[in-house]
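Atoms within each ligand, like the ligands themselves, are counted from 1 in listed order. Residues take their numbers from the sequence shown, with the count starting at 1.
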Amino acid sequence: MEQITLTRPDDWHIHLRDGAYLKRTVEDASRYFGRVLAMPNLFPPITSGSLADNYRKKILSYSRTGFEPLFALYLTEETTPHSVNETKENYDFVPAYKLYPSGVTTNSEFGIKSIENMYPVFDAIQENDLVLCIHGEVTNPEVDVYDRESYFIDKYLKKIVQTFPSMRIVLEHITTEEAVNFIKESNDKVAATITAHHLLYDRNKLLAGTLNPLYYCLPILKRNTHQKALIEAAISGNKSFFLGTDSAPHPRQEKEKICGCAAGCYTSHAGIELYAEVFDSQNAMSRLEGFSSHFGADFYRFPRNRDTITMERRDWIVDQKIDFGGDELTPIKAGETLNWKIESGENSTAREYQLE
Ligand code: NCD
Ligand code: ZN
């Protein structure tokens with residue numbers, strides 16, 4: 001029997017949602033992941049340390065022991081350098097801020113309209129040695145949806161990196177060869193997360209034959225040359241590429257609308273197993289641990305997890321649908337066979353935290 005044991009992995013980009021959906025997302029994410037960086041695009045968004053603190057308590061009330069939720073605060077045009085200083089001083093579970101260009105994705109309308117106006121805030125992020133996570137796409141209607149990431153890199157990101165050379169930046173959920181090259185050419189202050197779905201699929205999955213909303217996510221799936229560049233980056237052993245699932249659930253009625261399909265793919269039901277499919281297909285299982293369990297922790301300056309999970313090569317079939325707080329959710333690979341299954345290393349089901 002083929003097995004692999006890995007340092008417990010962390011997920012450096014996840015959407016845990018809120019309300020009735022939180023129980024499911026947290027149960028799935030906390031089964032095997034150690035740390036997760038929870039994204040703040042709730043409604044209303046998580047813009048301050050105290051909002052993150054409330055959200056954290058709710059998350060912990062559903063999570064297993066050993067799971068550590070961290071937060072990226074939502075940058076708005078009201079964020080001040082002073083509030084960044086306060087965050088650093090008071091909230092050690094907030095290692096990052098998240099920049100959403102306004103209108104770029106789900107619940108991003110409170111995001112940034114003028115990136116240059118945020119430079120004083122970036123300065124404070126740099127001074128406080130926090131991380132700036134970026135959804136790196138533009139929203140200009142004249143820029144083709146497939147070019148929005150590379151355009152953002154050229155038009156904005158290069159300048160941000162030049163102006164703030166000591167700021168740690170994560171370009172989130174990269175999807176293009178241009179992004180891979182940009183990260184490779186940058187110093188070790190600039191890194192990127194890569195999702196499982198962008199490694200598994202190209203845009204044919206979304207568009208060829210019939211239109212399939214399950215695969216609609218942002219940034220949108222690109223052509224297979226880009227997918228290949230992402231796979232090469234993920235398995236390369238380069239420490240600037242690490243795991244961020246961008247697991248972003250939407251109930252079926254929001255995904256399968258005739259018009260207005262919500263962007264996002266749910267992958268937390270099989271977070272690490274989906275990456276294993278990709279690494280195994282490239283004969284690169286020995287590189288999975290660095291990508292999933294070491295490089296992100298090193299970049300965020302957290303200690304690597306000390307415990308492990310063990311996976312076995314064994315076929316299993318993903319549920320066709322998942323109960324999602326009373327709604328239905330279709331996960332990625334629904335009804336399909338995966339080749340790797342976690343055998344041991346579940347976090348303890350004991351809960352450390354009870355909501356008052
Ligand atoms: C995410 C969501 O639904 O919150 N959607 C997505 O397609 N990835 C937001 C995001 O990360 O862009
Ligand atoms: Zn996301």
Does a donor on one side chain sit under 3.5 Å from an acceptor on the other, for Thr7 and His294? yes
Please say which of Ile272, Asn347, Thr308 ends up in a side-chain contact (heavy atoms from CB on, under 4.5 Å) with Arg8. Asn347
Glu177-His226 side chain donor-acceptor pair, cut-off 3.5 Å: no
Look at atom 8 (N) of ligand 1 and say which protein heavy atom is nearest, naming residue and atom and giving the distance to 0.1 Å. Asp246 OD2, 2.8 Å
Out of all atoms in ligand 1, which are within 4.0 Å of some heavy atom of Ala248? Include the element for each. 1 (C), 2 (C), 3 (O), 5 (N)
Show which atoms of ligand 1 fall inside a sub-4.0 Å distance from at least one heavy-atom site of Cys217. 7 (O)
Go through ligand 1 atom by atom and flag the ones less than 4.0 Å from a non-hydrogen atom of His173. 11 (O)
Where Tyr215 and Leu221 come nearest, the two heavy atoms and their spacing: O-CD1, 3.7 Å
Note: NE2(His13)-the Zn ion (ligand 2)-OD1(Asp246) angle, rounded to 10 degrees, equals 90°
One finds that the ligand 1 atoms under 4.0 Å from a non-hydrogen atom of Gly264 are 5 (N), 6 (C), 7 (O)
Which ligand 1 atoms does Thr106 reach within 4.0 Å, using its non-hydrogen atoms? 1 (C), 2 (C), 3 (O), 4 (O), 5 (N)
Taking 4.0 Å as the limit for heavy-atom contacts, which would you say applies to Arg17 with ligand 1: side chain only, backbone only, both, or neither? side chain
Filtering Met39, Glu172, His15 for the heavy atom nearest atom 11 (O) of ligand 1 leaves His15
State the atoms of ligand 1, each with its element, that fall below the 4.0 Å cut-off from a heavy-atom position in His135. 12 (O)
Contact check: His173 to the Zn ion (ligand 2), N/O/S below 2.8 Å: no
Closest protein heavy atom (residue, atom, distance) for atom 7 (O) of ligand 1: Leu218 N, 2.8 Å
Flag the pair Tyr55 / Leu16 as yes when at least one side-chain heavy-atom distance between them is below 4.5 Å, and no otherwise. yes
The closest protein heavy-atom partner of atom 12 (O) of ligand 1 is Thr105 OG1, 2.7 Å
Pick one of side chain, backbone, both or neither for how Asn41 approaches ligand 1, counting any non-hydrogen atom pair under 4.0 Å. side chain
Aromatic centroids of Phe242 and Phe291 separated by under 6.0 Å: no
Given the ring of Tyr146, does Arg203 sit roughly above its face, with NZ or CZ under 6.0 Å from the centre of the six-membered ring and within 45° of the axis? yes
Hey, do the aromatic rings of Phe67 and Phe33 have their centres closer than 6.0 Å? no
Number the atoms of ligand 1 from 1 as they appear, then name those within less than 4.0 Å of a heavy atom of His13, with their elements. 11 (O)
Just checking, is any N or O donor in the side chain of Arg314 or Asn339 under 3.5 Å from an acceptor N or O on the other one? no
Any idea which of Cys265, Ala263, Ala262 brings a heavy atom closest to atom 5 (N) of ligand 1? Ala263
Would you find a donor on one side and an acceptor on the other, under 3.5 Å apart, between the side chain of Tyr275 and the backbone of Ala196? yes
